[in-house]
Number of protein chains: 2
Amino acid sequence: MNDIFKKIGTTQTLSQKIERNIERAIREKKLPIGSKLPSERELCEMFAVSRTALREALRRLSARGLIEIRKGSGMVVKKINMKDAIDSLNLYYDLKFDMNLISQIIELRLAFEPEIAKMAALNRKDEDLANLEQNLIDFAACDPDNTQLESDMDNKFHLNVARATGNPFVIVTMEPVHNLLPRMRNFIYANIEGEKEITLGYHKEIVNAIRERDAERAYEKMQAHLDRNMQVYNKFMKIPEQD
Amino acid sequence: MNDIFKKIGTTQTLSQKIERNIERAIREKKLPIGSKLPSERELCEMFAVSRTALREALRRLSARGLIEIRKGSGMVVKKINMKDAIDSLNLYYDLKFDMNLISQIIELRLAFEPEIAKMAALNRKDEDLANLEQNLIDFAACDPDNTQLESDMDNKFHLNVARATGNPFVIVTMEPVHNLLPRMRNFIYANIEGEKEITLGYHKEIVNAIRERDAERAYEKMQAHLDRNMQVYNKFMKIPEQD
DNA sequence: GCTTCTTATTGGTGTGACCAATTGCTGAAA
DNA sequence: TTTCAGCAATTGGTCACACCAATAAGAAGC
């Protein structure tokens, strides 16, 4: 029965209508990026609503990253930035995270990251290469006892490869995934001994391939790297308790 | 200079502090999913703030999908849902979209979708298969003159494959990308004549592979499909005007 | 025991006031 | 004329209070 008569009205509140209105204006570029919105008092008159309702609409828009509000100076249409998109993904994954997601993270990385390495080899700028090489140095130099730092550098390496693709979709996809990796580590028994040199070896080979723009080799090396990585991971994976 | 002295204070407003406070409580599961928040009046007392400030914090939280507000009944911590995450990605991509992104959309699809087809073949449930087969029927049946509907069905096919992976990361990645495809079509001269049968043929082969859980074949067929797709696309691509 | 009506609770909107940060003007000093 | 301190206007932030509208819980009637 509930399936037959779904709710229709959803009775939008006034402030939601205002929100949609302004959002549409922004999406249709009637309010171009960087342009200043009328002041709150002016908007109240234009929409013929109270300041209360208007402000709640504005709060929502700023929460979603559409506008920027500065006390004393006014409101502007925000230049859309990747960070807002990634933040909301982080929030989603963060709240959703559990044991079951771990295998799916691994699955995704095994499937996508070799392709990403290939893309990086084809598209990388000199700056990207420099970042990757700096990461190799930092990784090699970091204190062997500081396992926290080590895994951070490892994460950063993979993020740098994703960034080197220059493809925003790739970056938005992988950043939040890599942000989950530290939490995954809580589910394995220990930081694996003696893996640093092996990891560093793979990283170097991947960077070499990317440097020479050798897409196929970048693909293969990344695949080999992750295969090994995941084998180790599975070996040390905690058996989940029954409940 | 701007890089050296970044702004420090950012003088959080009161309502932002309240927002962070409640957000933290939710992230730390002190307010579990589905639990009811105290009423606005109560929260005002607890935080010792006015209703205005509190409500603006609540508006932000609901805009970000953390809580659900129902007039007359109260506020509850929302079960995290994929739709919110995808919505904000849609917004980001939508505002960012331009000619330059098209090649990156194509690049991403060529790289990821064959892998996704492989995953789908390995993980698909009976329900996923049913959806895919229904799509084949609908696609075959749809009015040849209705090019709009045709391309919708095409999009849906690829989305169904992504969903069949059962991997939320894959779905979140691909949904917003496929939402951009209709806009991409504005940049080609015409809907390509006589391509429907060819497309349908590829789709059938992909579904067959997925049905038989033949991962490698699903990969190959998807790759072949997209390769052909993109060739046609490039052929009919409008040359961008100089400006 | 069930339905219907009433009532209390909860979020939504409106008004008017005042606070605080920012901007821009103004007039005095160099 | 130029510079700059200081004032005034503008703009967003917060508050208090009143009232509306949707919902849920309890009371009354069957």
Side-chain angles (χ1 to χ4, degrees), chain A residues 1-2 5-23 25-26 31 34-79, chain B residues 1-2 5-23 25-26 31 34-79:
Chain A
M1 196 65 171
N2 289 330
F5 297 112
K6 292 202 171 184
K7 60 184 168 193
I8 298 176
T10 324
T11 44
Q12 271 195 335
T13 68
L14 179 57
S15 69
Q16 283 173 324
K17 287 183 202 163
I18 300 170
E19 182 190 5
R20 305 266 177 269
N21 232 295
I22 299 176
E23 178 181 351
I26 294 175
L31 288 172
S35 65
K36 208 163 171 311
L37 272 74
S39 74
E40 291 188 354
R41 273 86 170 178
E42 286 177 282
L43 285 171
C44 288
E45 280 190 43
M46 294 164 65
F47 286 115
V49 295
S50 74
R51 234 185 119 199
T52 314
L54 176 75
R55 278 178 60 81
E56 304 207 338
L58 295 171
R59 293 287 91 65
R60 276 207 279 272
L61 289 169
S62 83
R64 296 168 54 205
L66 277 155
I67 64 175
E68 187 175 337
I69 303 177
R70 280 188 295 250
K71 171 149 65 163
S73 66
M75 303 172 288
V76 295
V77 179
K78 203 166 157 189
K79 181 172 176 304
Chain B
M1 196 63 170
N2 290 329
F5 296 112
K6 294 203 171 185
K7 59 182 167 194
I8 297 176
T10 324
T11 42
Q12 271 194 334
T13 67
L14 180 56
S15 67
Q16 282 174 322
K17 287 183 202 163
I18 300 171
E19 182 191 5
R20 305 263 176 271
N21 233 293
I22 299 177
E23 179 182 351
I26 293 175
L31 288 172
S35 64
K36 207 161 172 309
L37 273 73
S39 74
E40 291 188 353
R41 272 86 170 177
E42 287 177 283
L43 284 171
C44 287
E45 280 190 42
M46 292 164 66
F47 285 115
V49 296
S50 75
R51 231 183 121 202
T52 314
L54 175 74
R55 278 177 60 81
E56 304 207 337
L58 295 172
R59 292 286 92 65
R60 283 211 194 75
L61 290 169
S62 82
R64 296 169 55 204
L66 277 158
I67 64 175
E68 186 176 338
I69 304 177
R70 279 189 295 251
K71 171 151 61 164
S73 67
M75 303 171 289
V76 295
V77 180
K78 203 166 157 190
K79 180 172 178 303

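Because the structure is a prediction, the values reported are computed rather than measured. Residue numbers start from 1 in every chain, and the chains themselves are labelled A, B, ... in the order their sequence lines are given, proteins ahead of strands.
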Problem - Gap between atoms CG and C1', on A:L58 and D:dG12 respectively (whole Å) - result: 10 Å
Completion exercise
Tested for side chain to side chain contact (heavy atoms under 4.5 Å, CB included) against A:L66, the lone hit among A:V77, A:I26, A:L58, A:L31 is A:I26
Problem - Donor-acceptor under 3.5 Å (B:K78 side chain, B:S62 main chain) - result: no
Problem - N/O (side chain, B:R55) to phosphate O (OP1/OP2, C:dG12) under 4.0 Å - result: yes
Handout entry: B:R60 side, atom CZ; B:I22 side, atom CD1 - distance, nearest 0.5 Å
Key = 11.5 Å
Handout entry: B/S/- contact track for nucleotides 14-19 of chain C, protein heavy atom under 4.0 Å
Key = BB-BB-
Practice task
For A:E68 and D:dT11, give me the distance from atom CD to atom P, rounded to whole Å.
Solution key: 18 Å
Exercise for the section: Starting from the 5' end of DNA chain D, give me the residue, B:G72 or A:E42, whose nearest nucleotide shows up first. Expected result: A:E42
Practice task
Measure the distance from CD1 on A:I69 to C1' on D:dG13 and round it to the nearest whole Å.
Solution key: 10 Å
Problem - Pair B:T52-A:R55, side chain to side chain donor-acceptor pair (under 3.5 Å): steps then yes or no - result: CA-CA 10 Å; B:T52 314; A:R55 278 178 60 81; over 6 Å; no
Practice task
Would you kindly give the CD1-to-C1' distance between B:I67 and C:dT10, to the nearest whole Å?
Solution key: 13 Å
Practice task
Measure the distance from CZ on B:R59 to P on C:dG11 and round it to the nearest whole Å.
Solution key: 9 Å
Handout entry: Rounded distance (nearest 0.5 Å) linking atom CD of B:E40 with atom CD1 of B:I69
Key = 7.0 Å
Problem - Length of the NZ-P vector between A:K17 and C:dG12, whole Å - result: 14 Å
Problem - B:E40 CD - C:dA8 P separation (whole Å) - result: 20 Å
Practice task
For A:Q12 and D:dA21, give me the distance from atom CD to atom C1', rounded to whole Å.
Solution key: 16 Å
Exercise for the section: Quick one: pull up CZ in A:R64 and CZ in B:R64 and give me the separation to the nearest 0.5 Å. Expected result: 12.5 Å
